[in-house]
Amino acid sequence: MADTWITDITHFFDENGELIKEPPQARKLAEYFAAIIVMATYPDPEYPPEYRVACRRRPNRKPCQTEIAGWLDHETDDVVWICPKCQDKGIISNWQGTIWDMSNCEDLSTH
Ligand SMILES: [Zn+2]
């Protein structure tokens, strides 16, 4: 069973409030979680294809590449995500108000 990634996105910010650049692995991970926040907080379940996030795990050294499913847990207000194939999963907190928070794009959901 895969572990659950518990992520506080603000831990990936540098002192300027931007995504950390070093080390490169952390930067990659930060971009991955940021992309999941965009996808999960998008007000319309039919988010644009460019917001899709591909699983970054490599079970048996083969890239999984399956589309990650993400949504908002309305009880905790955290972003929850899971890979339907390899079951890699996680929870992201403190995403509210970040530049990846799409939940305030009201016009997208009302039209
Ligand atoms: Zn996967």
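First listed ligand is number 1; within each ligand, the first listed atom is number 1.
In summary, of the residues considered (Ile92, Asp78, Ile91), a side chain to side chain contact (heavy atoms under 4.5 Å, CB included) with Ile6 occurs for Ile91 alone.
Sparse packing is recorded around CG of Asn60, with 12 or fewer heavy atoms of other residues, nucleotides or ligands lying under 6.0 Å away.
Residue pairs meeting the ring-ring contact (aromatic ring centres under 6.0 Å, His included) criterion with at least one partner in residues 6-36, sequence neighbours excluded, are Trp5-Phe33, Phe12-Phe33, Phe13-Trp100, Tyr32-Trp81.
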Result block: side-chain N/O donor-acceptor pairs under 3.5 angstrom for residues 20-27, not counting sequence neighbours:
residue : atom : partner : partner atom : Å
Arg27   : NE   : Glu31   : OE2          : 2.8
Arg27   : NH1  : Leu19   : O            : 3.3
Arg27   : NH1  : Ile20   : O            : 3.4
Arg27   : NH2  : Glu31   : OE2          : 3.1

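Atoms of the protein (N, O or S only) found under 2.8 Å from the Zn ion (ligand 1) are Cys55 SG, Cys64 SG, Cys83 SG, Cys86 SG.
Judged by distance alone, with hydrogens and angles left aside, the side-chain atoms of Gln96 form a donor-acceptor pair with the main-chain N or O of Asp77 at under 3.5 Å.
Annotation: ring pair (Phe, Tyr, Trp, His ring centres under 6.0 Å) contacts of Tyr47 (sequence neighbours excluded): none.
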